[in-house]
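Working notes for the structure below.
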2 protein chains.
Amino acid sequence: MNIYDIARISGVSIATVSRVVNGSQKVSEKTRQKVMDVIKAEGYTPNIFARGLGLDSMKTIGIMCPNIADNYMARAISHLEQNFHEYGYDCILGCSGHTREAKENYVKLLLSKRIDALVMVGSTYGGNGVEEKETAYIKNASKQAPVFLINSWIEGENIYCSNADDFSAAYEVTSALIRRGKKRILFLYDSETFSAKQKMEGYERALSDAGYPVLGDLKFRTKNEIHHARDLMLAYKNLEFDSVFAVEDGLAVAALKYAKVKGISVPEELSVVGYNNSPLSVSCEPELTSVDSRIEQQCYIAVENIVKVLEGNTEVSHRTIVPCEIVKRCTTDF
Amino acid sequence: MNIYDIARISGVSIATVSRVVNGSQKVSEKTRQKVMDVIKAEGYTPNIFARGLGLDSMKTIGIMCPNIADNYMARAISHLEQNFHEYGYDCILGCSGHTREAKENYVKLLLSKRIDALVMVGSTYGGNGVEEKETAYIKNASKQAPVFLINSWIEGENIYCSNADDFSAAYEVTSALIRRGKKRILFLYDSETFSAKQKMEGYERALSDAGYPVLGDLKFRTKNEIHHARDLMLAYKNLEFDSVFAVEDGLAVAALKYAKVKGISVPEELSVVGYNNSPLSVSCEPELTSVDSRIEQQCYIAVENIVKVLEGNTEVSHRTIVPCEIVKRCTTDF
DNA sequence: TTGAAAGCGGTACCAG
DNA sequence: CTGGTACCGCTTTCAA
């Protein structure tokens, strides 16, 4: 059942059917009704490929993230999908992992699908301090379709970003711990992504501003896997700290598990702060104080902006910084 | 840059370019090389819409789930995407929620995108005991594209399913608790989906087989949200139980939180078993014994089977039942 | 307000 | 092995 069939049955031309389908004003009410009835009766749906061929668009957004099994990414994609759906866009998904090559291939693939725009979720896609050539493929992609980065940051004509203010959040958390008399704040991290770096800088700045030294042995890097991280911490005999600031909730929970093994009481002897306000933070015991990076709001901004750009609006801000919120629970005494 | 340009530049016909692009054997090595060079030099990519128009396929799989922010779904989608990607298929995602209307609309939408197949993840899409008319839209969809249900079950010519053996898992867990002397096993659930029903039936059967009564006041339904569930349990003054079997890890964690408030020790006074083996189960304290429904394997089966069907293979099993695994941790003494 | 016809960029059949 | 050409189904311009 195609447009020709509908035209034949309703006794009009395919041009008219096309106009009816696309809600053109230049059709008499009578004709419209007649055609509509036939369309309903026959259950006709326009062929999306043919339409795509003509319009060079299928109203589809490409979404990339390193790993959708991660709660943070999953929440982001959930919001993106929902918001785009309301604007009539569909989402095609790509989980790229963290290697440059895979990321590059995925971008190429999505682009070859003639997506209307590309959204990349996660701080693995670039930011301050990342080498130019590492992100060249993204700049390249932006020549073919607008690119929106969530929690990454690259400057470019057709590139838009929304970033959590991780620096400030880390600064605040660290300062709060200092105000509570903490002397040795362990910085737990699992990668050197843009956002991890921002957090580390906030942490360092807060220490400096308080006149504290930035100690290398207080920066602890490990995989974001609870048992693995806990065991690695336990293996380091000389690890001494009175508080923990982790760049991921999973790492913070690992610190909690570490405390449990060591018989250290939280928050009395040890304060712990996590990041992302994930379900983990209310599952653990005691429940975790965690920074919420407002992923929902970031996704909202992303969709609004992308849609504006696709509508030809040129007054879209290339970077939006969203403040974080510190959700206080039981692992801190502030 | 289209196929005509490439043909002109390489001095051949578009038919030959098409053959080269599609790896046809009937091209001389010399011609192939010549054309390939031009393609490389010009950075030509075939227009996917035009190709789709001709072949009526874009090698795209539609994936639906109620909510991708849920860890179980996210893991499923992650595996599906990865496996399909290896076969050269892309995934377009739809988060449908749980209402019939939304689910139906999403199916319609995905179908209108001419997806090659539809994969539906979750037990919300139908199974034993669900009314025919509730799943009619899925049977209908299967006329247009093969449908694969993960953890739902509907019989139909073009419908394929993989199901966790939730009944047996629930039976085993309940029996194990009984063997440990538990007399009042609380069944915590949050919905009446197919899988929840299977679990409940396994629970009931184990009780009956052990000569225990199936008590209505030992079935507790609440939203799958840790604090909400905990508070609801606390609000019921006469709730008495010595063990908990929850259909979701979140609910099991809620039970742990309940025990914490009540000062009940786990597992000494109370045994708790969750479901899905999610990150929650290792985040909580003590760590949760949980049923792993092998989502990874189910997704693997789904992809293998779908690909077979799409290749015209007709000997594909319409239903595969995957055994679960009980992952023993600290909230039980078995 | 309507229709005829020219694309859009491929695929695949049929000749040669 | 290669080229010519008829589709695929829709959008849009141009005339009427």
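By convention in this document, chain letters (A, B, ...) are assigned in the order of the sequence lines, proteins followed by strands, and residues within each chain are numbered from 1.
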Please tabulate, one pair per line, each protein N/O and nucleotide N/O from nucleotides 11-13 of chain C that are separated by under 3.5 Å, including the distance.
{"unit_1": "C/dT11", "atom_1": "OP1", "unit_2": "B/N22", "atom_2": "OD1", "d": "3.4"}
{"unit_1": "C/dT11", "atom_1": "OP1", "unit_2": "B/N22", "atom_2": "ND2", "d": "3.1"}
{"unit_1": "C/dT11", "atom_1": "OP1", "unit_2": "B/R51", "atom_2": "NE", "d": "2.8"}
{"unit_1": "C/dT11", "atom_1": "OP1", "unit_2": "B/R51", "atom_2": "NH2", "d": "3.1"}
{"unit_1": "C/dT11", "atom_1": "OP2", "unit_2": "B/S18", "atom_2": "OG", "d": "2.5"}
{"unit_1": "C/dT11", "atom_1": "OP2", "unit_2": "B/N22", "atom_2": "ND2", "d": "3.3"}

- Message: Taking salt bridge (Lys or Arg N to Asp or Glu O under 4.0 Å) as the cut-off, I'd like each qualifying pair that reaches into residues 84-97 of chain B, sequence neighbours left out, listed once.
- Response: A/K113-B/D90
Name each donor-acceptor pair under 3.5 Å that joins a side chain in residues 44-58 of chain B to protein atoms two or more places apart or in another chain, with its distance.
{"unit_1": "B/N47", "atom_1": "OD1", "unit_2": "B/F49", "atom_2": "N", "d": "2.7"}
{"unit_1": "B/N47", "atom_1": "OD1", "unit_2": "B/A50", "atom_2": "N", "d": "3.0"}
{"unit_1": "B/R51", "atom_1": "NH2", "unit_2": "B/N22", "atom_2": "OD1", "d": "2.9"}
{"unit_1": "B/S57", "atom_1": "OG", "unit_2": "B/K59", "atom_2": "N", "d": "3.1"}
{"unit_1": "B/S57", "atom_1": "OG", "unit_2": "B/D116", "atom_2": "OD1", "d": "2.9"}
{"unit_1": "B/S57", "atom_1": "OG", "unit_2": "B/D116", "atom_2": "OD2", "d": "3.3"}

- Message: Taking side-chain contact (heavy atoms from CB on, under 4.5 Å) as the definition, give me every residue that meets it alongside B/N105, ordered by chain and number, with sequence neighbours left out.
- Response: B/E101, B/K108
- Message: Give me the atom names and distance for the closest heavy-atom approach of A/C161 to A/S152.
- Response: CB-O, 3.7 Å
- So, is A/S13 near the phosphate of C/dT2, with a side-chain N or O under 4.0 Å from OP1 or OP2? no
- Task: Not counting sequence neighbours, which residues clear side-chain contact (heavy atoms from CB on, under 4.5 Å) with A/A302? List them please.
- Result: A/L80, A/F148, A/I150
- Message: Without decimals, in angstroms, what is the distance between B/N47 CG and C/dG10 C1'?
- Response: 8 Å
- Message: Expressed as a whole number of angstroms, how long is the span from B/K26:NZ to C/dA15:P?
- Response: 14 Å
- Task: Could you tell me the separation between the CG atom of A/L53 and the P atom of C/dG10, rounded to a whole number of Å?
- Result: 9 Å
- 5'-most to 3'-most nt of DNA chain D touching chain B (<4.0 Å, heavy-atom partner on protein side) reads D/dC1 to D/dG9
Could you pull out all donor-acceptor pairs under 3.5 Å where a side-chain atom in residues 65-72 of chain A meets a protein atom, sequence neighbours excluded?
{"unit_1": "A/N67", "atom_1": "OD1", "unit_2": "A/A69", "atom_2": "N", "d": "2.9"}
{"unit_1": "A/D70", "atom_1": "OD1", "unit_2": "A/Y72", "atom_2": "N", "d": "2.9"}
{"unit_1": "A/D70", "atom_1": "OD1", "unit_2": "A/M73", "atom_2": "N", "d": "3.3"}
{"unit_1": "A/N71", "atom_1": "OD1", "unit_2": "A/R75", "atom_2": "NH1", "d": "2.9"}
{"unit_1": "A/Y72", "atom_1": "OH", "unit_2": "A/N151", "atom_2": "ND2", "d": "2.5"}

- Do any of residues 30-44 of chain B sit with a heavy atom less than 4.0 Å from DNA chain D, and if so which? B/T31
- Query: Which residues satisfy the salt bridge (Lys or Arg N to Asp or Glu O under 4.0 Å) test with B/E134, sequence neighbours excluded?
  - Reply: B/R100
Distance-only criterion, 3.5 Å: show the donor-acceptor pairs between side-chain atoms of residues 29-41 of chain A and protein atoms not counting sequence neighbours.
{"unit_1": "A/T31", "atom_1": "OG1", "unit_2": "A/S28", "atom_2": "OG", "d": "2.6"}
{"unit_1": "A/R32", "atom_1": "NH2", "unit_2": "A/S24", "atom_2": "O", "d": "3.1"}

- Task: Scan for side-chain hydrogen bond (donor to acceptor under 3.5 Å, both in side chains) pairs involving residues 305-321 of chain A, sequence neighbours excluded, and state none if there are none.
- Result: A/N163-A/R319
- Listed by chain and number, what are the salt bridge (Lys or Arg N to Asp or Glu O under 4.0 Å) partners of A/E304, not counting sequence neighbours? none
